[in-house]
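Chain naming here is simple, since letters A, B, ... match the order of the sequence lines and numbering starts at 1 in each. What's counted below: heavy atoms across the whole structure, side chains too, no hydrogens, waters or symmetry copies.
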2 protein chains.
Amino acid sequence: MSLSIADRSLLEPAARRLNALRPLSAEARAALDYAMLEGLQRAGSGEDLISEGDPVDSVRVVLSGWLCRYKTLEDGRRQIVNFIFPGESCDAHAYLLAVMDHSIATLTPVVYAEIKRARFESLIAGDRSLAEAFWCESLVNNAIQREWAINLGRRVALERVAHLFCEIFERLRPVGMIEGNSCIMPVTQMDLADATGLSVVHLNRTVQELRASGLIVLRERTLTINDLDALKDAALFSPSYLQLYRSG
Amino acid sequence: MSLSIADRSLLEPAARRLNALRPLSAEARAALDYAMLEGLQRAGSGEDLISEGDPVDSVRVVLSGWLCRYKTLEDGRRQIVNFIFPGESCDAHAYLLAVMDHSIATLTPVVYAEIKRARFESLIAGDRSLAEAFWCESLVNNAIQREWAINLGRRVALERVAHLFCEIFERLRPVGMIEGNSCIMPVTQMDLADATGLSVVHLNRTVQELRASGLIVLRERTLTINDLDALKDAALFSPSYLQLYRSG
DNA sequence: CGTGGAGTTGACGTACGTCAATAACGGTGG
DNA sequence: CCACCGTTATTGACGTACGTCAACTCCACG
């Protein structure tokens, strides 16, 4: 079969990202594209796609929009443990596991492809590079998760927020979602607070400190980084954990 | 070939753990055992097995002893991002990646099996259940890493330390390393501080608070949990993320 | 005009970190 | 066996980066 121009551009982020992790054969990519097109779905902003404790019966690949993984404590305290950007998959990370250990919520309206478990299994059984690409994705995710641990455990508020902005920026870059030194930042300060382990009030003051120092502009849901190198310095940010540059 | 009794008991934790993640065929297990026996290594306490930035050219499976994954910031701040216990593998999580994003250090004398990259690749290429077991291990690791994020970001000191003790205890249980309500705790308070994102001083005070409340006894490198349920309550600990009970 | 979510600000409290001293411990050599 | 030493654990005094509470503003959307 052949894909329309519209289909191609819709599926582009996923193909681009997986291919960056592991080179995919043309057949593998075609099979994946076809499976994704069959399961296209939309969700509004602020919806839970799946919740902690839910059984995992499909893998979702995000085509547009932002999501987050989060966990909550009984008394309501909430921690966003990671973001999910276009091209990334939701729960391939869990397809071998019985139930979700965390929840996934949309932060914006989202388009994603849902691939049922059996379908996904036959996909990756049929092509080694595809299986490796998804495995690789979960390894990169693991590395990101480790960086978040040191971010939450050892960086002070200003470094923490600066680091988060650097990471978001660098993760959006390879999927073509930045323009110059700006990107959209479609989340509330409460989300940013939950991602950095801060209170909303202190997050707000920290953002203002970053603004006052001239490092960033954040308004109207757009983040502009005036001096990326300076922001990285302030954040003690070193991008190697993102594994963006593969040696082969 | 056949294994001696001593070999069997040495390799037991690894086989037990991988098998719990995914049932291994007898052939797969034999092949893995053989590969491990070929690459047996020992390391003393306090050694770095591999450092951030190093290329990954082999997978290590821990047979006895404790290790930790850690990251450091330029100015020396250090965060232990996870522990590694017998039966777990070190860098299968990274074998598809070019370089390490973190360091791995021994916390005690350690026996491990080193499997070279090419050897490991042919092992998992030859048996699907083995590949899945290792993938599964990295998924569980990912889930643990997420729990650490909420631990560092949203739990207060007492909950954090209590949670760490619960996690260690429950992870040691399936590899037969607890006795009654006790397990060894061969790490310094500085290590525990680096794992919980606290200062040594505050960690010490927190441990004493746990002692004073009668929840734990910690002395002579042994942790005794007087009332596990009470400790779990204090920690807001829910073990499902450890994926210890698989539905199949 | 309301209404509610998001952002912002001030006042104040506190859980943590830092610094520094001391005590307990474990190993080493005499 | 003891003297010595470095590492680890503990304690007190004090500082501070953060959280909490509460008010107020500013929109966006009815």
With no hydrogens and no angle check, just 3.5 Å: does a side-chain donor-acceptor pair link B:Ser103 and B:Glu52?
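No, no side-chain donor-acceptor contact under 3.5 Å.
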What orientation do B:Tyr241 and B:Phe237 show, parallel under 30°, tilted 30 to 60°, or perpendicular over 60°?
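Perpendicular.
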Charged N to carboxylate O under 4.0 angstrom, [X] versus [Y]?
{"X": "B:Asp194", "Y": "B:Arg77", "result": "no"}
{"X": "B:Glu12", "Y": "B:Arg17", "result": "no"}
{"X": "A:Asp227", "Y": "A:Lys232", "result": "no"}
{"X": "B:Arg171", "Y": "B:Glu88", "result": "yes"}
{"X": "B:Arg155", "Y": "B:Glu147", "result": "yes"}

Please list, by residue number, the residues of residues 148-165 of chain B whose heavy atoms come closer than 4.0 Å to an atom of DNA chain C; answer none if no residue qualifies.
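Within residues 148-165 of chain B, the residues near DNA chain C are B:Val156, B:Ala157.
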Among residues at least two apart in sequence or on other chains, which ones pass side-chain contact (heavy atoms from CB on, under 4.5 Å) with B:Ala105?
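Here the qualifying residues are B:Asp48, B:Cys68, B:Tyr70.
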Output the rounded distance in Å from CE (A:Met190) to C1' (C:dG4).
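After rounding, the reported distance stands at 14 Å.
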Length of the CE-P vector between A:Met185 and C:dA6, whole Å
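Between P of C:dA6 and CE of A:Met185: 16 Å.
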Where along residues 196-220 of chain B does a heavy atom fall under 4.0 Å from DNA chain D?
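Residues of residues 196-220 of chain B under 4.0 Å from DNA chain D: B:Val201, B:Asn204, B:Arg205, B:Gln208, B:Arg211.
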Can you check whether A:Gln189 has a side-chain N or O nearer than 4.0 Å to OP1 or OP2 of C:dT8?
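Yes, because at least one side-chain N or O of A:Gln189 sits under 4.0 Å from OP1 or OP2 of C:dT8.
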